[in-house]
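Notes for the one structure printed next.
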Amino acid sequence: MSRRIVVAAAQMGPIQKEEGREVAVARMVGLMGKAASRGAEVVVFPELALTTFFPRWYHEDLAEADRWYEHSMPSNATAPLFDAARRLGLGFHLGYAEKTPDGRRFNTAIYVHPSGQVALKYRKVHLPGHAEFDPVRKVQHLEKRYFEPGDLGFPVVRAPVGATQVNIGMMICNDRRWPEAWRVLGLQQVELVMLGYNTPSLNMENRGFEAHHLRVAHSHLSIQAGCYQNACFGVGVAKAGTEDGHELFGHSIIVNPQGEIMAQATSWDDEVIVADCDLGMCELGRTTIFNFARHRRPEHYTRITSQVGSEPPPVWAPSP
C-alpha cells in the first residue's frame with residue numbers, strides 16, 4: 001500500500017519589531033489557506049514565527065523580554081491558527097518562544113494535528129550565540145541569554161498526516177548542523193523532519209570571513225546530508241528578508257531521503273512550496289547502506305557522548 005503525503009513549507013518574510021502577533025498570525029493563516037489549496041496535508045512554519053528574532057536585542061533585565069514569549073499555547077493571539085487547522089483539515093508545525101509556568105524559557109516547536117491537539121513538542125538543544133553583550137559582534141545573538149537548552153531530547157512520534165501515519169521528528173535552526181541530532185532521530189525511524197530557522201545572510205561573529213553564498217550552501221548541505229544519512233524527508237523553512245534592518249536568508253527547501261531538493265523557495269518573502277512525498281523512499285536507505293542494525297558499531301562511538309570539546313591527538317614521533 002502506497003504511503004504518500006503532501007507537505008508544504010510556509011516560508012515567511014520578515015516580522016518587524018513593532019509588529020504585533022496579530023500581523024504574523026494573519027499572514028500565517030493566509031499561507032495555510034494557500035497550502036491547503038495546493039493539496040497540502042501539513043504545513044511547516046519557521047522558528048520563532050510569531051515575532052521578530054528578538055535575541056538580536058540585548059535586555060539587561062530578562063523580564064523586559066517577557067513580551068516575546070508565549071505563556072500558553074494556544075493563546076488568544078494564536079487561536080486563529082488552530083481554528084484554521086480545524087477548518088482546513090491541515091496539520092501544522094509552529095516555532096515560538098516558550099515561557100513555562102515555572103519561569104523557564106525555551107526555543108520551542110510543536111506539531112499540531114488538525115483537531116487542534118499538540119501531537120509533539122520539541123525544545124531546541126543546540127543554542128548558538130552567547131549570553132552576555134558582545135562588543136565584537138556586529139549584531140548580538142543572545143539565544144544563550146534568553147533560552148536554556150531543550151530538556152526533551154529529540155523525540156519522534158508516529159502521528160497522522162492526513163490519513164497516513166508518519167514518524168515525525170523536529171529540529172530548530174542550528175540543530176540542523178549537528179549530525180548527532182539527525183542520527184538520534186534516525187535511530188527512531190523518523191520519516192519526516194520538520195525544522196524552522198532564522199539565519200542571517202552574513203556571519204555576524206566578525207571574527208573571520210565566511211563567503212555570503214556559502215551561508216545558504218551550508219544550510220542546504222546540512223539538511224541534505226541529514227536526510228540522506230538517515231533515510232528521511234526534511235522540510236527546512238526560513239523566516240527571511242530584512243528584519244529590523246538585518247538580513248535573513250530564505251531558500252526554504254523540501255528534501256527527499258536521497259538528499260535531493262524536491263522544492264525550493266525562490267523569494268525572501270512569504271511563500272509556499274509543496275512536495276508530494278512517497279514515504280516508501282525511506283526504505284531504500286534504511287534497508288541497505290544505512291541499515292543501522294546491520295552496520296552500526298556504537299562500541300566505537302563512545303567519544304561522542306563522553307567528550308564535549310575537541311582534544312588534540314597524541315603526537316607521533318619516529319623511532320630513533
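Residue indices begin at 1 and follow the sequence shown.
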Can you tell whether the side chains of [X] and [Y] come within less than 4.0 Å, N to carboxylate O?
{"X": "K34", "Y": "D270", "result": "no"}
{"X": "R123", "Y": "D151", "result": "yes"}
{"X": "R38", "Y": "D276", "result": "no"}
{"X": "E148", "Y": "R105", "result": "no"}

Please list every donor-acceptor pair under 3.5 Å in which a side-chain atom of residues 160-171 meets a protein atom from a residue at least two apart or in another chain.
residue: N167; atom: OD1; partner: R158; partner atom: NH1; Å: 2.7
residue: N167; atom: ND2; partner: Q189; partner atom: O; Å: 2.8

Exercise for the section: Can you spot which of W68, F54, F106 makes a ring pair (Phe, Tyr, Trp, His ring centres under 6.0 Å) with F147? Expected result: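 Testing each of W68, F54, F106 against F147, the sole residue satisfying ring pair (Phe, Tyr, Trp, His ring centres under 6.0 Å) is F54.
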Problem - Option among D244, N198, T199 that satisfies the side chain to side chain contact (heavy atoms under 4.5 Å, CB included) test with F53 - result: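 It is N198; the other options fail the test.
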Practice task
Decide ring-ring contact (aromatic ring centres under 6.0 Å, His included) for F249 and Y197; before the verdict, give the C-alpha distance in whole Å, the side-chain angles of both, and the deciding distance to 0.1 Å.
Solution key: CA-CA 10 Å; F249 69 70; Y197 59 88; 5.7 Å; yes
Looking at [X] and [Y], would you say the former's side chain and the latter's main chain have a donor-acceptor pair under 3.5 Å?
{"X": "R86", "Y": "S115", "result": "yes"}
{"X": "D278", "Y": "G280", "result": "yes"}
{"X": "Q224", "Y": "E260", "result": "no"}

Exercise for the section: List the atom of F82, the atom of I110, and the distance in Å for their closest heavy-atom pair. Expected result: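 Here F82 and I110 meet closest at CZ-CD1, 4.5 Å.
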Problem - Test of ring centre spacing under 6.0 Å for Y122 and Y111 - result: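 No; Y111 has its ring centre 6.0 Å or more from that of Y122.
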Exercise for the section: Check the side chains of E98 and Y96 for a donor-acceptor pair under 3.5 angstrom, ignoring hydrogens and angles. Expected result: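 Per modelled atom types, Y96 and E98 side chains form no pair under 3.5 Å.
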